[in-house]
Amino acid sequence: MNETTFELRGSAETWRADPPPPRVPPGLIPPRTGSPGDRLSAWRRRHQLRARRAAEFYASSRQPERGLPVADSSAVLGFVRGLIADRPLLAIALVVLHALAAVAGLLVPFILGRLVDAVTAPGTGSSTVSRLALTVAAIVVGQALLTFLALAVSTVFGQDLLAKAREYVVRTVLGLPLGRVESASSGDLITRVTRDVSTMSESVRWGLPDAVIAAVTTLLTIVAMVFNSWLLTLPLLLTLPVLGVAVRRYLRRAPMGYITEGGTYSRINTTLTETVEGARTVEALGLGDERVARIDDDIAESAQAERYTMSLRNILFSVFGFCFDTPIVMVLLLGAVGYAEGLVTLGQITAATLYIQQLVEPLDRLIETIDRLQVGVASTSRLLGIAAVPPDRMPGTERPAGTELVGSDLRFSYRDDHDVLHGIDLDLVPGERLAIVGPSGSGKSTLGRLLAGINAPRTGSVTVGSVPVTALPLDLLRTEVALVTQEHHVFVGTIRDNIVLAREDSPDEVVRRALGVVDALNWVDRLPDGLDTMLGGGNLTPTPAQAQQIALARLVVADPHTLVLDEATSLIDPRTARHLEGSMAALLADRTVVAIAHRLHTAHDADRIAVLIDGRIAELGSHEELVATGGEYASLWRRWTS
């Protein structure tokens with residue numbers, strides 16, 4: 001009989017065994033040699049390949065299998081339209097003031113043209129010239145005042161939009177299904193709530209008002225040119241279609257490019273975050289070079305995405321350069337012919353030339369704003385993609401008729417066709433303490449999340465008082481069933497603020513009682529400011545044990561009738577944890593408690609113990625019953641006490 005020998009690889013070898021393929025294909029590497037024509041052809045091929053990669057990324061970002069989606073342009077337009085509709089007076093004032101300032105600025109070239117005609121005409125008196133000059137001065141002063149008022153309104157409008165947009169983002173992020181958040185990479189969420197929020201805020205504060213200013217000024221300048229001389233307006237009108245084609249082409253491709261850019265930034269942040277958080281593991285396994293290589297690949301891929309958007313900008317700006325310079329030359333040539341034929345005056349030629357020169361600034365600003373807005377639209381699409389995540393529950397109107405927590409035929413999978421729980425049934429008696437034990441990876445935490453209503457089971461149901469937990473509003477659910485895990489968070493604020501999150505109207509007596517229950521009152525009273533001591537954000541940083549005590553005190557104040565403790569005392573040393581659990585016993589006596597822990601002294605004190613093996617309940621009974629049976633729990637207990 002042939003024997004097959006399997007070589008068991010170590011952790012480091014597992015990471016190094018199957019290196020990922022290069023993410024930058026050879027077709028994107030520019031040639032080192034070749035004629036200018038060959039290099040131009042190679043650049044065109046690279047540009048087309050980058051366009052295909054951006055289109056593929058954009059398509060996959062709409063409904064990703066994992067992670068957070070990206071919203072479409074219509075959602076962005078609806079979002080901006082809604083922001084503007086909430087403050088119509090400011091929006092109208094913004095447009096009117098900038099329009100008046102633009103009109104005032106457009107009167108100056110018109111009057112200067114008339115001044116040229118007046119000077120060149122025989123018999124013109126000095127009083128006429130002086131009157132026109134004073135009119136120009138008065139218009140300049142008026143334009144300055146209107147511009148100041150318009151900019152003040154723009155600032156208020158932009159800051160107001162920014163505040164509303166940020167509030168919307170925060171509400172949306174807090175409303176995300178927890179399971180979907182955990183399926184997304186940490187870098188993606190970080191990038192969306194940092195870089196994308198910053199980019200969106202810049203677009204809202206400056207890009208949107210600048211676009212209004214530039215568009216109004218451009219439109220009125222063209223109207224003024226037609227009013228001055230339709231003949232001298234023809235050069236500009238002939239170049240506008242070329243400009244429109246270039247802008248349309250840019251707007252069709254830029255969103256995909258900038259959304260791809262944002263995706264590469266998310267990947268960079270993910271790699272950096274994972275490397276920093278796992279620094280000890282990286283060092284222990286000697287994986288520093290591999291992590292650096294992965295970051296280099298992320299940066300190289302991001303550079304290719306940025307090269308694509310840079311090429312789009314360069315093409316657009318090249319067309320604009322042509323459309324800026326050509327009309328000036330054509331106006332002078334056409335003006336010379338028209339003047340010789342008596343069709344236009346020198347003043348009209350002067351005004352048209354000034355209008356063309358004056359049009360350069362708003363058009364240039366408009367193009368710059370369009371590019372800035374495209375970046376903002378991409379970031380806003382990524383932010384609104386958070387809101388596109390469907391809810392994982394639809395709260396109903398039924399309310400629990402009791403406190404019984406029942407799980408029936410519970411199955412759950414994190415990915416398709418791979419259940420981690422297999423038909424679990426649990427019927428908890430109100431007031432009992434149930435301990436769930438088992439080896440790592442057996443599904444203990446997953447079961448706890450289902451019982452607490454964090455996730456919905458794939459099949460079966462979890463009910464409290466005969467109502468499915470996922471059919472209860474979250475604020476009500478957390479007063480019925482609460483989950484405390486080994487993870488905890490301290491928010492910037494006082495100790496009191498951190499504890500009364502669930503019930504903000506709780507008096508200090510309730511807060512102090514909760515701290516006393518979790519053995520935290522002594523160290524809190526020793527602080528100079530007591531309950532008013534500020535935490536986080538450069539203030540007092542509690543130890544992991546103190547932070548976990550604050551989390552448990554938060555739970556005590558919330559006062560749910562059922563608690564799910566997922567290794568809630570894992571960061572506290574065993575002796576302190578034992579004392580802490582003992583001091584909580586009186587408070588928890590009338591509550592249903594589900595305790596998930598590796599420390600078997602928790603199981604010893606429980607009314608019943610559920611032994612979870614490979615997603616199934618292998619044993620269920622009291623400590624004495626399971627030890628007498630001599631099964632899995634008895635084996636675990638012997639190893640724990642030996």
Side-chain angles (χ1 to χ4, degrees), residues 19-62 64 70 72-73 199 235-236 238-268 271 293-330 360 363-364 366-379 381-382:
R23 295 206 299 268
V24 178
L28 291 179
I29 307 301
R32 298 284 183 176
T33 58
S35 65
D38 293 337
R39 292 197 172 198
L40 181 60
S41 298
W43 172 84
R44 187 181 299 111
R45 289 192 297 271
R46 293 197 303 274
H47 185 69
Q48 292 171 348
L49 178 55
R50 289 173 185 138
R52 288 197 300 271
R53 286 163 60 90
E56 291 170 358
F57 182 91
Y58 180 76
S60 65
S61 69
R62 310 311 288 270
V70 173
D72 56 21
S73 300
T199 304
L236 178 63
L238 291 175
T239 58
L240 284 180
V242 178
L243 201 59
V245 171
V247 171
R248 182 179 178 184
R249 180 182 182 277
Y250 172 79
L251 293 178
R252 191 166 59 248
R253 292 168 171 78
M256 293 183 286
Y258 283 118
I259 286 176
T260 303
E261 261 190 30
T264 62
Y265 298 150
S266 293
R267 180 169 288 182
I268 290 173
T271 303
R294 177 166 295 190
I295 293 174
D296 289 341
D297 287 343
D298 293 341
I299 294 174
E301 188 176 39
S302 181
Q304 293 298 327
E306 292 192 0
R307 284 175 182 269
Y308 176 60
T309 56
M310 181 179 63
S311 297
L312 292 177
R313 291 194 299 271
N314 288 339
I315 294 172
L316 180 65
F317 294 158
S318 299
V319 175
F320 266 64
F322 169 79
C323 294
F324 283 163
D325 299 334
T326 303
I328 296 177
V329 177
M330 294 179 66
V360 170
L363 268 178
D364 188 41
L366 183 60
I367 298 311
E368 180 183 350
T369 303
I370 286 176
D371 181 62
R372 181 190 299 178
L373 286 177
Q374 285 305 301
V375 179
V377 166
S379 293
S381 297
R382 286 166 51 80

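Note that the structure is a prediction, hence the values are computed from the model and not measured. Each residue takes its place number in the sequence, starting with 1.
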inquiry  = Let's go through Thr326 and Val329 carefully: what are the C-alpha distance in whole Å and the side-chain angles of both, what is the deciding distance for side chain to side chain contact (heavy atoms under 4.5 Å, CB included) to 0.1 Å, and is it a yes or a no?
reply    = CA-CA 6 Å; Thr326 303; Val329 177; 6.0 Å; no
Kindly give the heavy-atom pair with the smallest separation between [X] and [Y], and that separation in Å.
X: Thr260; Y: Ala305; answer: CG2-CB, 4.1 Å
X: Pro25; Y: Arg53; answer: CD-NH1, 3.3 Å
X: Leu49; Y: Gly27; answer: CD2-C, 4.1 Å
X: Ile259; Y: Ser61; answer: CG2-OG, 4.2 Å
X: Arg382; Y: Gly263; answer: NH1-N, 3.7 Å
X: Pro327; Y: Thr239; answer: CG-OG1, 3.8 Å

Please report the interatomic distance [atom1]([X]) to [atom2]([Y]), rounded to the nearest 0.5 Å.
X: Asn314; Y: Arg307; atom1: CG; atom2: CZ; result: 11.5 Å
X: Leu238; Y: Met330; atom1: CG; atom2: CE; result: 5.5 Å
X: Ser381; Y: Gln374; atom1: OG; atom2: CD; result: 9.0 Å
X: Arg253; Y: Arg248; atom1: CZ; atom2: CZ; result: 10.5 Å
X: Ile299; Y: Ile295; atom1: CD1; atom2: CD1; result: 7.0 Å
X: Ser379; Y: Tyr265; atom1: OG; atom2: OH; result: 9.5 Å

key: Contacts of type salt bridge (charged side-chain N to carboxylate O under 4.0 Å, His left out), residue Asp72, not counting sequence neighbours   = Arg62
Considering only heavy atoms from C-beta outward, does the side chain of [X] approach that of [Y] to under 4.5 Å?
X: Arg249; Y: Ile315; result: yes
X: Pro255; Y: Val377; result: no
X: Thr264; Y: Phe57; result: no
X: Ser302; Y: Arg267; result: no

task = Could you please spell out the steps behind the side-chain hydrogen bond (donor to acceptor under 3.5 Å, both in side chains) verdict for Thr309 and Glu261?
result = CA-CA 8 Å; Thr309 56; Glu261 261 190 30; 2.4 Å; yes
inquiry  = Assess the residue pair Gln304 and Tyr308 against the criterion (side-chain hydrogen bond (donor to acceptor under 3.5 Å, both in side chains)); give the C-alpha distance rounded to whole Å, side-chain angles, the decisive distance to 0.1 Å, and a yes or no.
reply    = CA-CA 6 Å; Gln304 293 298 327; Tyr308 176 60; over 6 Å; no
inquiry  = Tell me whether Arg252 at atom CZ has more than 12 heavy atoms from other residues, nucleotides or ligands lying less than 6.0 Å away.
reply    = yes
key: Residue pairs involving residues 36-46 (criterion side chain to side chain donor-acceptor pair (under 3.5 Å); sequence neighbours excluded)   =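 Of all non-adjacent pairs touching residues 36-46, those that pass side chain to side chain donor-acceptor pair (under 3.5 Å) are Ser35-Asp38.
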